[in-house]
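Notes to accompany the following structure.
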Amino acid sequence: MTSREIRQSFLDFFKSKQHKIVPSAPLVLKNDPTLMFTNSGMVQFKDFFLGNGTPPSVRIADTQKCLRVSGKHNDLEDVGFDGTHHTMFEMLGNWSFGDYFKKEAIEWSWEFLTGTLGLPKDRLYATVFGGDEKEGLASDEEARNYWRQYLPDNHILDGNKKDNFWEMGAQGPCGPCSEIHFDFRSDEERAKVPGEKLVNMDDPSVVEIWNNVFMQFERKADASLVVLPAQHVDTGMGFERLCMVMQGKKYTYDTDIFTPFIALVEKECGKTYTGSYERTAKSDVAMRVIVDHIRAVAFTIADGQLPSSNGAGYVIRRILRRAVRYAYSFLDVKDPLLNKLIPLLASEFADVFPELKAQEAFVQKVILEEEKSFLRTLENGLKRFETLRTEGSVIVGSEAFELFDTYGFPVDLTQLIASEKGLSVDTEGFEKCLQEQKQRSKKDAEKQVGDWIVLDDTPGVEFVGYDQLKVENTKVMKYRAVQDKKGLQYQIVVNRTPFYAESGGQVGDTGAMYFDGEKIEVIDTKKENDLIIHVVANLPENIHDERVRCQVDRDKRAAISKNHTATHLMHAALHNILGKQATQKGQSVDANRLRFDFQNPGAVSKNELAAIELMVNKKIRENIALHEVRNMPIEDARKTGAMMLFGEKYGETVRVITFDKDFSQELCGGTHVAATGEIGLFKIVSESAVAAGVRRIEAVTADAAEAYLNTEVAELNAIRDIFKNPKNTAQRVADLQDENKALRKQIEAMHLEQAASLQRSLRAEFQVIASNGAATEGVNVLIKQISLSDASAIKTLAANLDKEVGNAVIVFGSVKDDKPQLTISISPDLAKAKAWNAGAWIRELAKEIKGGGGGQAHFATAGGTDTEGLGSALEKAKELIK
RNA sequence: GGGGGAUUAGCUCAGUUGGCUAGAGCGCUAGAUUUGCAUUCUAGAGGUCAAGGGUUCGACUCCCUUAUCCUCCA
């Protein structure tokens with residue numbers, strides 16, 4: 001079976017068991033502070049298990065893109081060296097939300113594996129939870145009994161708490177699980193060692209393929225376990241591993257999921273893949289790294305996360321750079337390569353994850369630019385390599401660290417190049433520097449989140465902020481303290497709130513809550529999954545008040561809504577003027593301005609910007625009324641042609657915001673004005689680049705737009721005033737600049753002219769030192785106070801005189817801006833021959849004018865504060881040269 | 001968010017404890033050679049040394065602030 005057929009048969013199988021098939025959720029998570037990426041199939045259903053939301057169906061199945069590159073599950077550094085680890089992989093899963101439980105879950109896994117897929121029964125093993133005394137948990141006899149219907153006892157194994165008791169986190173739903181393992185060794189090997197000895201023993205030939213989690217408990221904050229009223233099933237099967245087993249391969253890289261990509265890499269680099277897992281088989285490792293990493297990078301970018309220097313974007317950049325590094329070092333590919341895999345990747349996954357195909361050119365461009373930029377970094381690092389300090393034949397650790405930390409040059413490359421030159425790297429010193437850096441960052445990010453103090457655990461929080469900005473009679477459900485470097489804050493959750501929590505790029509509301517008349521300022525409103533959290537500086541006296549009044553800051557909310565609606569109008573205008581590719585890549589809306597990032601091949605021209613602004617303002621003046629549908633089924637929304645974004649997770653029903661159904665229609669959770677006229681005025685403030693193929697426009701509306709224009713006009717008027725209202729102000733300024741430049745040149749020329757005439761008269765004033773001593777005999781000396789002030793003119797003069805007279809020592813005194821300066825010039829040959837040093841002399845003379853100076857042996861200058869001292873300085877010079 | 005680094009001619013970059021008239025290569029302009037072009041030679045233009053403060057007799061150089069970019073860590 002091909003991988004495509006295997007995936008489809010899984011989905012078809014569970015569809016036939018009344019499961020709703022849902023699309024994979026985006027890889028990048030938006031409102032979850034505990035997790036950066038989707039790392040398992042259940043992540044998108046977390047709220048259903050926590051009771052914060054209701055699933056669209058009690059039975060669901062899907063294939064989910066997962067990424068394990070940060071946090072608890074981090075496989076990044078293993079990838080390439082073994083045949084099973086991946087950064088991005090697919091997880092096939094089926095779920096029951098309070099519907100079927102162990103019996104059906106086990107029955108169906110068996111039916112699918114042995115029936116649909118036809119896997120041999122004697123090669124399958126099941127593990128069940130064997131109980132845990134400390135927790136007071138008995139073994140899972142229920143699961144064991146179901147398995148007994150299909151497997152002999154020696155194929156059913158007990159597992160410990162670590163392997164067979166699954167927990168989502170420190171708190172929350174949890175329960176025993178049952179894993180299914182597959183033994184694909186040869187019959188000979190199987191005869192020697194029975195498979196049951198190798199389950200969960202890290203044997204690469206006996207692998208776990210499917211895990212069925214039975215959520216039947218809830219872990220409380222005090223670590224106790226409580227039986228859940230509704231019990232759930234959560235399963236996950238590694239798709240790549242399943243394909244490996246089905247296709248009779250030992251490694252996932254040998255399945256048809258990866259082989260076309262390895263072939264393409266072979267073609268691009270001219271090397272052959274030998275399938276070796278020796279650590280010395282560098283080019284094989286490199287090829288596996290590349291074909292693995294490109295998937296993670298491409299799909300994350302397609303889900304809207306661009307490579308950047310922090311957060312999730314940085315993780316993506318690191319994965320991509322790891323791949324480039326391997327290609328660069330072990331495949332000798334010094335030009336961008338990864339991006340060339342995108343067309344194949346896009347077409348291979350077009351039917352499962354269409355988001356890549358839809359953005360193929362864009363994703364390829366982003367990756368190409370990243371590759372180019374990192375290759376430049378590598379080239380720069382190579383240049384710097386030569387300057388590294390060494391102790392003996394060891395490169396100093398802090399030096400290697402600096403190269404890595406400041407210039408981004410990977411330390412393993414430093415080691416590689418070092419060894420080629422017979423050097424090594426002080427890895428201990430490097431590691432020490434790295435640890436120090438980590439400590440610094442950790443200390444900065446230190447944050448202590450207290451336990452929730454629950455006053456009422458009724459699930460569900462009602463948001464009423466679309467319709468009202470004030471709510472009476474709410475009460476606190478729970479609250480907690482959060483301590484970070486900024487200080488102590490509290491977070492409060494109430495049962496009903498008008499406060500909009502930051503999401504979709506719109507900032508959270510601020511305002512106040514009144515407890516028994518006591519005013520508590522709400523500093524910010526945030527979201528954790530679907531929970532709305534109000535951030536406050538202090539707790540009220542009476543937090544138990546059940547008649548709390550919530551009041552959103554009206555002016556601020558109004559300003560935010562104006563900016564948000566203007567963003568929609570601009571988005572529509574972008575599509576009209578720049579074309580359909582100008583889709584959203586990020587936005588940020590607050591009370592002061594709006595910021596919108598979108599896909600566009602190049603800069604937006606001045607004319608286009610003007611046209612966009614014009615169109616938005618026209619729509620504002622049309623005063624189009626808001627048309628809002630709160631609960632439109634997603635399919636209906638799709639049919640109406642509302643704009644949908646990749647990387648956005650939409651529920652079964654969506655909120656559709658329309659301003660003129662033929663103009664702007666978007667799925668959006670944000671707040672908007674009742675009619676576009678409220679915006680008053682829209683003004684673009686800047687246009688810039690944020691990444692390859694992504695532009696950013698910042699704009700202001702209403703009062704802020706007016707203020708912006710007023711400031712600009714006031715500035716222009718001030719300039720006009722200065723020029724006495726000329727016809728063309730810009731031309732007048734340009735003329736003035738030219739004039740200024742010309743005058744400067746004139747002054748320079750005058751100085752030179754002055755110097756030239758001085759030169760003529762000074763030529764005669766040189767004195768030849770006769771035979772008064774051996775040292776200075778025959779030297780032409782000129783010591784004189786001159787009327788030039790410009791330093792470079794004096795220098796030219798000295799240089800010209802020296803050239804003309806030769807074998808000369810020249811000392812000038814001069815005054816500039818009421819400050820004395822001294823200049824000494826000695827013919828270079830003379831200075832060398834006599835070992836005279838103008839710099840040393842001038843320091844001596846500078847004492848007389850209460851200053852200091854320096855320079856080279858043949859030329860030096862000094863400045864001072866005491867003009868009176870010039871005379872004595874020159875006298876001293878005469879003494880010196882005698 | 002925290003650290004490190006960078007910003008000098010149109011481009012790529014030098015510029016050693018503060019004092020060279022701020023340089024090189026490529027590119028540009030003009031001329032010469034050759035003349036089929038490449039080439040080669042000569043001359044020239046082009047710089048508020050990122051911006052703003054400060055220290056100093058004197059700042060591209062030292063300190064502070066800001067902006068932009070690079071980079072590592074979280």
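In this structure, A:F37 places its CZ atom 14 Å from C1' of B:A74, rounding to the nearest Å. As a whole-Å value, the separation of A:R376 CZ from B:U71 C1' is 14 Å. If you take CG of A:L434 and C1' of B:A74, they are 12 Å apart, rounded to a whole angstrom. With rounding to whole Å, A:E379 atom CD is found 12 Å from B:C13 atom P.
Cation-pi geometry between A:K784 and A:F812 is not satisfied (NZ or CZ under 6.0 Å from the ring centre, within 45° of the ring normal).
Residue A:K334 places its NZ atom among more than 12 non-hydrogen atoms of other residues, nucleotides or ligands, all under 6.0 Å distant.
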Intermediate values then yes/no, side chain to side chain donor-acceptor pair (under 3.5 Å), A:E502 and A:Q506: CA-CA 6 Å; A:E502 177 180 350; A:Q506 178 175 334; over 6 Å; no

Test side chain to side chain donor-acceptor pair (under 3.5 Å) applied to A:T300 and A:Q305, step by step: CA-CA 6 Å; A:T300 314; A:Q305 179 59 61; over 6 Å; no

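B:A50 and B:A9: their C1' atoms are spaced 15 Å apart (whole Å). Using atom C1' as the reference point in both B:G19 and B:A74, the two lie 45 Å apart (nearest Å). For the C1' atom pair drawn from B:C49 and B:G23, the interatomic distance equals 12 Å after rounding to whole Å. Between the C1' atoms of B:C41 and B:U55, the separation comes to 49 Å (whole Å). Atom name C1', nucleotides B:U42 and B:U34: the rounded distance is 15 Å, in whole Å. Comparing the C1' positions of B:A67 and B:G31 gives an interatomic distance of 44 Å, to the nearest angstrom. For the P atoms, the distance linking B:C37 with B:C11 amounts to 32 Å, nearest Å. Rounded to whole Å, the P atom of B:C63 lies 11 Å from the corresponding atom of B:A6.
Proximity of A:T377 to the phosphate of B:C70: no side-chain N or O atom is located under 4.0 Å from OP1 or OP2. For the OP1/OP2 pair of B:C57 and a distance below 4.0 Å, the side-chain nitrogens and oxygens of A:K819 include no atom meeting the criterion. For B:C72, neither phosphate oxygen OP1 nor OP2 lies less than 4.0 angstrom from any side-chain nitrogen or oxygen of A:R318.
Expressed to the nearest 0.5 Å, how far CZ of A:R318 lies from NE2 of A:H293 amounts to 10.5 Å. The structure places NE2 of A:H534 at 12.5 Å from CD1 of A:I523, a figure rounded to the nearest 0.5 Å.
When each of A:R317 and A:G864 is assigned the nucleotide of RNA chain B bearing its nearest heavy atom, the one mapping closer to the 5' terminus is A:G864.
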Nucleotide N/O of nucleotides 1-5 of chain B paired with protein N/O under 3.5 Å:
unit_1	atom_1	unit_2	atom_2	d
B:G1	O2'	A:D444	OD1	3.3
B:G1	O2'	A:D444	OD2	2.1
B:G1	O2'	A:K485	NZ	3.0
B:G2	O4'	A:D444	OD1	3.4
B:G2	O4'	A:D444	OD2	3.1
B:G2	N2	A:Q437	OE1	3.1
B:G3	O2'	A:R440	NH2	3.1
B:G3	N2	A:D405	O	3.3
B:G3	N2	A:D405	OD1	2.6
B:G3	N2	A:D405	OD2	2.8
B:G4	O2'	A:T406	OG1	2.6
B:G4	N2	A:T406	O	3.1
B:G5	O2'	A:Y407	OH	3.3

What N/O pairs connect the protein and nucleotides 61-69 of chain B at under 3.5 Å? Give each pair on its own line.
none

Would you tabulate the pairs of protein nitrogen or oxygen atoms and nucleotide nitrogen or oxygen atoms of nucleotides 16-19 of chain B closer than 3.5 angstrom?
unit_1	atom_1	unit_2	atom_2	d
B:G19	O2'	A:G854	O	3.2
B:G19	N7	A:G854	N	3.0
B:G19	O6	A:G852	O	3.1
B:G19	O6	A:G853	N	2.6
B:G19	O6	A:G853	O	3.4
B:G19	N1	A:G852	O	3.0

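Using the six-membered ring where Trp is involved, A:F404 and A:F401 have ring planes that are tilted, between 30° and 60° apart.
With A:R593 contributing its side chain and A:A699 its backbone, the two residues share no donor-acceptor pair below 3.5 Å. Remark: the backbone N or O of A:G508 is not paired with any side-chain donor or acceptor of A:T525 at under 3.5 angstrom. A donor-acceptor distance shorter than 3.5 angstrom exists from the side chain of A:S827 to the backbone of A:A808, with no hydrogens or angles considered.
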Secondary structure of RNA chain B in dot-bracket form (Watson-Crick or G-U wobble, distances below 3.5 Å, | marking inter-strand pairs): (((((((..((((.....[...)))).(((((.......))))).....(((((..]....)))))))))))).

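Residues satisfying the side chain to side chain donor-acceptor pair (under 3.5 Å) criterion with A:D524, sequence neighbours excluded, are absent altogether. For A:E868, there are no side chain to side chain donor-acceptor pair (under 3.5 Å) partners two or more places apart in sequence or in a different chain.
Considering all non-hydrogen atoms of both residues, A:I316 and A:V297 come closest at O-CG2, 4.1 Å.
Salt bridge A:D597/A:R695: absent, no basic N to carboxylate O contact under 4.0 Å.
Judged by distance alone, the side chains of A:E431 and A:Q435 do bring a donor and an acceptor atom under 3.5 Å apart.
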